[in-house]
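A short worksheet on the structure shown next.
Order of listing sets the numbers, starting from 1, for every ligand and every atom in it.
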Amino acid sequence: MILKPNQIFGLIICATQTPTSRVRFLSTTTNLRFQSRSASVSAKMANPAVGDSEKKLITHVIFDMDGLLLDTEKFYTEVQEIILSRFNKTFDWSLKAKMMGKKAIEAARVFVEETGISDSLTAEDFLVERESMLQEMFLTSELMPGASRLVKHLHASGVPICVATGTHKRHFALKTQRHGEIFSLMHHIVMGDDPEVKQGKPSPDIFLAAARRFEGEPVHPSKVLVFEDAPSGVLAAKNAGMSVVMVPDPRLDSSFHGTADKVVSSLLDFDPAEWGLPPFTDTTT
Ligand SMILES: O=P(O)(O)OC[C@H](O)CO
Ligand SMILES: [Mg+2]
């Protein structure tokens with residue numbers, strides 16, 4: 001049997017999950033198997049696991065950051081291309097798909113192992129080598145299209161919102177330096193080096209920790225909508241029992257779309273009313 005990349009993610013997380021979440025995750029991979037054909041046909045397919053009535057129950061929203069709110073994934077791609085060229089190798093989107101969304105050290109291990117350079121460059125040394133390049137780039141981070149509009153709209157409408165990002169505190173500060181206004185609207189921000197985040201995405205740790213930190217009564221995962229760009233992030237949200245809207249880079253293979261409940265090509269295309277959230281009142285497109 002040949003596994004698709006997203007099914008391999010599933011098997012990896014299965015090895016580290018509790019029996020309950022393992023069962024849930026396996027059912028997700030089963031869905032993938034049956035949805036993959038239609039997913040490749042339509043980028044906007046919905047996962048039948050979340051019906052229209054469930055969508056209307058959404059009360060809380062969690063945003064991913066890199067590649068979703070901020071256009072920062074391109075920086076990782078660029079430095080990884082530079083480093084691999086030293087080994088006469090090329091960086092491609094099948095490797096990118098396996099790295100994005102993860103904690104730095106977890107992504108670094110994938111990088112050196114998948115490219116076969118681990119004898120020459122350790123994961124730790126890879127992180128050191130890319131650091132100075134990344135630090136300069138992060139200071140130039142821009143918002144993704146529609147990010148400001150959606151965050152401001154949900155905040156103004158009283159919808160509790162937060163961020164759950166695999167990035168660590170020091171990089172978060174650099175990336176968000178010019179975007180204090182948007183990030184100050186978040187109720188809280190959970191980062192990859194948070195003590196409660198034992199494992200990075202696709203583990204559900206970060207989304208469950210993010211949901212716990214909202215005010216008031218504990219929020220049931222079925223009432224939470226996650227926005228993600230990465231295959232590992234979409235799986236993490238589903239492993240947490242949450243609904244997920246994926247905003248993938250167009251270069252990501254469409255076989256990764258099937259796990260999401262909804263796929264949109266930009267945050268500008270998201271319709272809050274479809275999820276029972278307050279509708280936009282502006283005419284921005
Ligand atoms: O996509 P995020 O925000 O979880 O960030 C993860 C890494 O920092 C980049 O892939
Ligand atoms: Mg991301």
Side-chain angles (χ1 to χ4, degrees), residues 6 9 61-81 83 91 93-111 114 123 126-127 130-131 133-135 137-139 141-147 150-151 161-176 179 182-183 186 188-194 196-210 226-240 242 244-252 256-257 259-260 263-264 266-267:
N6 39 15
F9 274 131
V61 170
I62 302 177
F63 289 101
D64 172 58
M65 185 176 80
D66 290 293
L68 189 284
L69 291 177
L70 293 180
D71 189 9
T72 40
E73 279 297 342
K74 63 184 181 188
F75 302 141
Y76 292 101
T77 303
E78 193 177 333
V79 299
Q80 277 138 210
E81 281 170 347
I83 292 171
F91 185 70
W93 269 81
S94 65
L95 177 54
K96 176 79 180 169
K98 293 176 189 172
M99 295 178 67
M100 60 198 302
K102 296 191 170 172
K103 289 188 183 197
I105 189 63
E106 292 172 355
R109 288 191 192 113
V110 171
F111 181 80
E114 293 275 331
F126 161 74
L127 292 180
R130 73 176 193 176
E131 184 62 20
M133 288 186 274
L134 283 180
Q135 284 188 11
M137 292 172 175
F138 287 159
L139 293 171
S141 302
E142 302 278 1
L143 289 168
M144 291 294 281
L150 179 57
V151 169
I161 54 176
C162 74
V163 167
T165 173
T167 207
H168 55 67
K169 266 193 208 72
R170 196 165 41 76
H171 282 177
F172 177 86
L174 296 172
K175 291 168 182 174
T176 60
H179 305 292
I182 291 301
F183 285 88
M186 301 296 169
H188 56 276
I189 291 161
V190 185
M191 295 173 221
D193 53 352
D194 189 289
E196 279 191 57
V197 183
K198 306 289 182 215
Q199 293 179 67
K201 302 168 186 177
S203 156
D205 286 3
I206 196 163
F207 291 126
L208 294 175
V226 173
F227 285 88
E228 260 291 349
D229 66 309
S232 64
V234 170
L235 282 177
K238 295 314 296 177
N239 283 331
M242 298 171 183
V244 57
V245 171
M246 186 181 201
V247 191
D249 186 291
R251 290 165 290 184
L252 184 71
F256 289 110
H257 296 180
T259 318
V263 179
V264 292
S266 159
L267 289 175

Derivation and outcome, side-chain contact (heavy atoms from CB on, under 4.5 Å), residues Phe256 and Val234 = CA-CA 9 Å; Phe256 289 110; Val234 170; over 6 Å; no
Carboxylate-amine/guanidinium contact Asp249 Lys74, below 4.0 Å | no
Apply salt bridge (Lys or Arg N to Asp or Glu O under 4.0 Å) to Arg170 and Glu131, showing your working.
-> CA-CA 11 Å; Arg170 196 165 41 76; Glu131 184 62 20; 2.7 Å; yes
Residues Leu267 and Ala147: closest non-hydrogen pair is CD1-CA, 3.6 Å
Nitrogen or oxygen contacts under 3.5 Å, ligand 1 side and protein side:
from	atom 1	to	atom 2	distance (Å)
ligand 1	1 (O)	Asp64	OD1	2.8
ligand 1	1 (O)	Asp64	OD2	3.2
ligand 1	1 (O)	Asp66	O	3.2
ligand 1	3 (O)	Asp64	OD1	2.9
ligand 1	3 (O)	Met65	N	3.2
ligand 1	3 (O)	Asp66	N	2.8
ligand 1	3 (O)	Asp66	OD2	3.3
ligand 1	3 (O)	Thr165	OG1	2.6
ligand 1	4 (O)	Asp64	OD1	2.8
ligand 1	4 (O)	Gly166	N	2.7
ligand 1	4 (O)	Lys201	NZ	2.8
ligand 1	5 (O)	Asp66	OD2	2.8
ligand 1	8 (O)	Asp66	OD2	3.0
ligand 1	8 (O)	Tyr76	OH	3.2
ligand 1	10 (O)	Glu73	OE2	2.7
ligand 1	10 (O)	Gly101	N	2.9

Side-chain contact test, heavy atoms from C-beta onward, threshold under 4.5 Å: evaluate it for Pro202 versus Lys102 and give yes or no.
-> yes
Would you please indicate yes or no on a ring centroid separation below 6.0 angstrom for Phe138 and Phe172?
-> no
Salt-bridge criterion met for Asp64 and Lys201 (N-O under 4.0 Å) = yes
Heteroatoms of the protein, restricted to N/O/S, which lie under 2.8 Å from the Mg ion (ligand 2) | Asp64 OD2, Asp66 O, Asp229 OD1
Check whether any side-chain heavy atom of Leu70 sits under 4.5 Å from a side-chain heavy atom of Phe183, and report yes or no.
-> yes
Hey, are Lys198 and Ser203 close enough side-chain-wise for a donor-acceptor pair under 3.5 Å?
-> no
